[in-house]
Every structure is written in C-alpha cells, then in structure tokens.
Amino acid sequence: MIDLNADLGEGFGRWTLTDDDALLSVVTSANVACGFHAGDPSVMRRVCDLAAERGVRIGAQVSYRDLAGFGRRAMDVPADELAAEVAYQIGALRVFAEAAGAVVAYVKPHGALYNRTVHDDGQARAVVAGVRLAGGALPVLGLPGSRLLTAAADAGLTGVPEAFADRAYTARGTLVPRREPDAVVTDEDAVVRRAVAFAVEGSVEAVDGTAVAVAARSLCVHGDTPNAARIAARVRTALETAGVGIGAFA
C-alpha cells in the first residue's frame with residue numbers, strides 16, 4: 001500500500017501553476033500551499049473544496065516566507081519565529097479544510113525548508129514545534145532518515161517517509177539540489193519506472209548508478225513538473241498493474 005501525494009494550490013490571483021483539478025482525480029493526498037511560497041485564500045479554499053469532494057486528504061505544505069522565490073531560496077529563520085509561521089500556515093489552511101467538511105490531516109514542508117530539515121536539527125525541531133503549536137498530533141511527511149522525521153518521533157508525532165518519483169537522488173539517499181543538472185527527472189517513462197521501483201523494491205538508482213534503499217509510505221509527483229497530471233495518472237496505473245494498493249496514509 002502506498003500513498004500518492006502532489007503539491008497543489010501553487011498559484012495566487014490570476015496566476016496558476018498546478019493543474020489542481022486533474023491531479024485531484026489521481027492522488028490520495030494533496031499538499032496545499034498555505035500562502036508563504038504560493039497560494040492565496042481563494043486558491044486554498046477552492047483546492048480544499050475539491051479535495052474534500054473527491055475524498056483526497058488535505059495536507060498543509062508549509063514553507064519559508066518567500067513568495068518571490070517560490071520557497072526555494074535558503075533562509076535563516078530563528079526557531080521561535082519559524083515555529084510560529086508554521087503554526088500560522090496550518091491554521092490558515094484549517095479554516096478552509098473545515099469549511100469544506102474536511103480536516104488538515106498532515107503537514108509537509110516545501111522547498112528550501114524541506115531540504116533544510118533533512119540535516120538541520122534546529123530547523124527540524126522548529127517545524128515540529130509549529131505543528132504542535134497548531135494543535136493536534138498531525139503526521140509529518142519527510143525524507144527517510146531526515147532530522148525532521150527524528151524530531152517528529154521525539155515529539156510523539158508520526159513521521160511519514162516519502163520518495164520522489166521525479167527527482168534525482170544522490171548515493172546518500174538525499175535529493176540532488178535543483179541548481180545541479182538533471183535534478184528533476186522529466187522523462188515520463190523513467191518517472192513511472194522509478195515509482196514502481198520505490199513501491200515494489202524499496203530502492204532507486206542514484207545519479208552515480210548505485211542502488212539506494214528508500215523505504216517510503218508516500219510517493220510524491222510534483223505538481224509543477226511538465227505534464228504532471230498525465231505523469232501522475234501513468235504512475236498510478238503502473239502501480240496498480242504491479243499489484244500495489246493505493247491509499248492515503250492519513
């Protein structure tokens with residue numbers, strides 16, 4: 001059994017990036033942008049309404065306050081401030097989730113914050129503190145072996161390991177930084193093969209050709225990847241063909 005998640009609601013005003021309608025017909029969990037890297041009240045409300053209507057779990061995709069940089073620029077934010085900002089984002093999304101008859105079921109950091117919490121204890125603990133401040137023992141999505149999942153477990157939260165079908169991996173099991181060539185896997189067939197390998201074999205081929213063990217409960221297909229909805233549909237079909245059950249973790 002594996003969960004399929006995608007980043008959704010990544011737009012604001014008249015600008016849109018993700019095909020939310022199409023992706024919500026495929027995924028089981030929606031990482032909804034909460035306004036700090038993308039998203040605005042209208043976008044958040046619409047995605048929550050659609051997700052609730054289709055039985056897709058709603059997750060808060062929290063990030064550094066970096067709308068201009070899409071949350072992908074490295075930032076140094078004091079721990080107390082970061083915890084408050086994480087709680088603020090969860091609270092904002094919760095209003096729209098509950099109005100749609102659903103709940104915020106989990107939390108996932110975005111972009112630079114996600115990558116920072118792989119190795120930074122202080123930022124990882126601050127994210128977890130923000131989750132606790134927002135109330136409720138919400139599961140936290142993160143990279144296997146990350147400081148974030150360790151911090152979540154230490155705080156009594158469920159840490160959910162995830163894999164990325166459309167991102168390249170280093171031999172250490174971390175994601176290749178986006179600033180490096182071929183960090184994003186754009187070949188659709190390769191993305192599908194990697195997704196099945198994650199789910200069936202628990203491994204992925206790293207950029208140096210070695211096999212890296214990746215035990216994941218959730219599989220992410222980025223919403224801003226070209227043809228993301230079509231890729232997600234192909235991934236789901238391939239997983240089901242391989243005998244893998246598809247279901248939300250939350």
Peer 1: Decide yes or no for Pro41 and Phe96: does some side-chain heavy atom of the first lie under 4.5 Å from some side-chain heavy atom of the second?
Peer 2: yes
Peer 1: Run the salt bridge (Lys or Arg N to Asp or Glu O under 4.0 Å) check on Arg125 and Asp120 step by step: do they pass?
Peer 2: CA-CA 9 Å; Arg125 288 195 298 269; Asp120 189 311; over 6 Å; no
Peer 1: Looking at Arg167 and Ala183, would you say the former's side chain and the latter's main chain have a donor-acceptor pair under 3.5 Å?
Peer 2: yes
Peer 1: Is the shortest side-chain heavy-atom distance between Asp166 and Ile231 below 4.5 Å?
Peer 2: no
Peer 1: Look up atom CZ in Arg234 and atom CG in Asn227, then write down how far apart they are to the nearest 0.5 Å.
Peer 2: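 Arg234 CZ to Asn227 CG: 10.5 Å, rounded to 0.5 Å.
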Peer 1: Please examine the side chains of Val207 and Val176, heavy atoms only from C-beta on, and report whether any two atoms are closer than 4.5 Å.
Peer 2: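 Yes, at least one pair of side-chain atoms sits under 4.5 Å.
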Peer 1: Please check if any side-chain donor atom of Thr210 sits under 3.5 Å from a side-chain acceptor atom of Asp208, or the reverse.
Peer 2: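 On atom types as modelled, these side chains qualify, holding a pair under 3.5 Å.
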Peer 1: Would the distance check show the side chain of Arg72 and the main-chain N or O of Asp66 forming a donor-acceptor pair, the cut-off being under 3.5 Å?
Peer 2: no
Peer 1: Is Thr117 reaching over with its side chain to a backbone N or O of Leu113, donor-acceptor style, under 3.5 angstrom?
Peer 2: yes
Peer 1: Carefully, step by step, assess Glu10 and Phe70 under the rule side chain to side chain contact (heavy atoms under 4.5 Å, CB included).
Peer 2: CA-CA 9 Å; Glu10 292 183 328; Phe70 197 59; 3.4 Å; yes
Peer 1: Any chain of hydrophobic side-chain contacts (each under 4.5 Å) joining Val103 to Ile58?
Peer 2: no
Peer 1: Walk me through it: do Tyr106 and Asn31 pass the test side chain to side chain contact (heavy atoms under 4.5 Å, CB included)?
Peer 2: CA-CA 9 Å; Tyr106 65 94; Asn31 317 317; 2.6 Å; yes
Peer 1: Applying the 4.5 Å side-chain criterion to the ILVMFWY set and letting contacts propagate, would Val131 and Phe36 be lumped into a single cluster?
Peer 2: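 Different clusters: Val131 never reaches Phe36 through Ile, Leu, Val, Met, Phe, Trp or Tyr contacts under 4.5 Å.
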Peer 1: Do you know which two heavy atoms are closest between Ala60 and Ile90, and how far apart they sit?
Peer 2: CB-CG1, 4.0 Å
Peer 1: Going by an N to O cut-off under 4.0 Å, is there a salt bridge joining Arg116 and Asp76?
Peer 2: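 Yes.
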Peer 1: Mind checking whether Leu138 and Leu157 have side chains closer than 4.5 Å, heavy atoms only?
Peer 2: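 With C-beta onward as the side chain, the pair stays apart.
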Peer 1: Rounded to the nearest 0.5 Å, how far does CD of Glu180 lie from OG1 of Thr170?
Peer 2: 9.5 Å
Peer 1: Is it true that Tyr88 and Leu67 fall in one hydrophobic cluster, defined by side-chain heavy atoms closer than 4.5 Å?
Peer 2: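 Different clusters.
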Peer 1: Determine which pairs satisfy side-chain hydrogen bond (donor to acceptor under 3.5 Å, both in side chains) with at least one residue from residues 151-162, sequence neighbours left out, and list them in order.
Peer 2: Asn5-Glu162, Lys108-Glu162, Tyr114-Glu162
Peer 1: How close do Ala129 and Ala83 get, counting heavy atoms only, and between which atoms?
Peer 2: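 Nearest heavy atoms, Ala129 then Ala83: CB-CB, 4.0 Å.
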Peer 1: Is it the case that the side chain of Arg94 and the backbone of Ala134 share a donor-acceptor pair, with hydrogens and angles ignored and the cut-off at 3.5 Å?
Peer 2: yes
Peer 1: Looking only at non-hydrogen atoms, find the nearest pair between Ala232 and Val26 and report the distance.
Peer 2: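 Answer, listing the atom of Ala232 first, then Val26: O-CG1, 3.4 Å.
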Peer 1: Are Leu149 and Val62 in one and the same hydrophobic cluster, where Ile, Leu, Val, Met, Phe, Trp and Tyr link if side-chain heavy atoms are under 4.5 Å apart?
Peer 2: no
Peer 1: Is there a side chain to side chain contact (heavy atoms under 4.5 Å, CB included) between Val32 and Gln61? Walk through the geometry before answering.
Peer 2: CA-CA 5 Å; Val32 184; Gln61 186 162 46; 5.9 Å; no
Peer 1: Inspect the surroundings of CZ in Arg45 and state if more than 12 heavy atoms from other residues, nucleotides or ligands are less than 6.0 Å away.
Peer 2: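 Check fails, neighbour count at 12 or below.
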Peer 1: To the nearest 0.5 angstrom, please state how far the CD atom of Glu188 sits from the CZ atom of Arg193.
Peer 2: 12.0 Å
Peer 1: Could you verify whether a donor N or O on one side chain and an acceptor N or O on the other, from Tyr64 and Gln123, lie under 3.5 Å apart?
Peer 2: yes
Peer 1: Closest approach of Ala52 and Ala102, non-hydrogen atoms and distance?
Peer 2: CB-CB, 4.0 Å
Peer 1: Starting at CG of Leu219, measure out to CG of Leu4 and round the result to the nearest 0.5 Å.
Peer 2: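 Interatomic distance, Leu219 CG to Leu4 CG, rounded to 0.5 Å: 5.5 Å.
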Peer 1: So how far is it from Leu8 CG to Leu50 CG, rounded to the nearest 0.5 Å?
Peer 2: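 Answer rounded to 0.5 Å: 9.5 Å.
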Peer 1: Hey, quick one: are Val221 and Val192 part of the same hydrophobic cluster, counting side-chain heavy atoms closer than 4.5 Å, chains of contacts allowed?
Peer 2: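 Cluster IDs for Val221 and Val192 match.
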Peer 1: Could you pull out the closest heavy-atom pair between Leu133 and Ala87, with the gap in Å?
Peer 2: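 In terms of heavy atoms, the two residues are closest at CD2-CB, 3.7 Å.
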Peer 1: In a table with atom names and distances, give each donor-acceptor pair under 3.5 Å that connects a side chain of residues 238-250 to protein atoms at least two apart or in another chain.
Peer 2:
| unit_1 | atom_1 | unit_2 | atom_2 | d |
| --- | --- | --- | --- | --- |
| Glu240 | OE2 | Arg236 | NE | 3.1 |
| Thr241 | OG1 | Thr237 | O | 2.8 |

Peer 1: Check for me whether the distance between the ring centres of Tyr169 and Phe198 falls short of 6.0 Å.
Peer 2: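 Yes, the ring of Tyr169 comes within the 6.0 Å limit of the ring of Phe198, centre to centre.
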Peer 1: Out of Leu143, Leu175, Leu148, which residue meets the side chain to side chain contact (heavy atoms under 4.5 Å, CB included) rule with Val118?
Peer 2: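 Checked Leu143, Leu175, Leu148 against Val118; only one passes side chain to side chain contact (heavy atoms under 4.5 Å, CB included): Leu143.
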Peer 1: So which heavy atom on Leu93 is nearest to which on Gly59, and how close?
Peer 2: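 Closest approach of Leu93 to Gly59: CD2-O, 3.5 Å.
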Peer 1: Can you measure from CG (Asp187) to CG (Asp182) and round to the nearest 0.5 angstrom?
Peer 2: 11.5 Å
Peer 1: Hey, what's the ring geometry for His37 with His110, parallel, tilted or perpendicular (30° and 60° as the breaks)?
Peer 2: parallel
Peer 1: Determine whether a donor-acceptor pair (N or O, by modelled atom type, separation under 3.5 Å) exists between the side chain of Asp20 and the backbone of Val47.
Peer 2: no
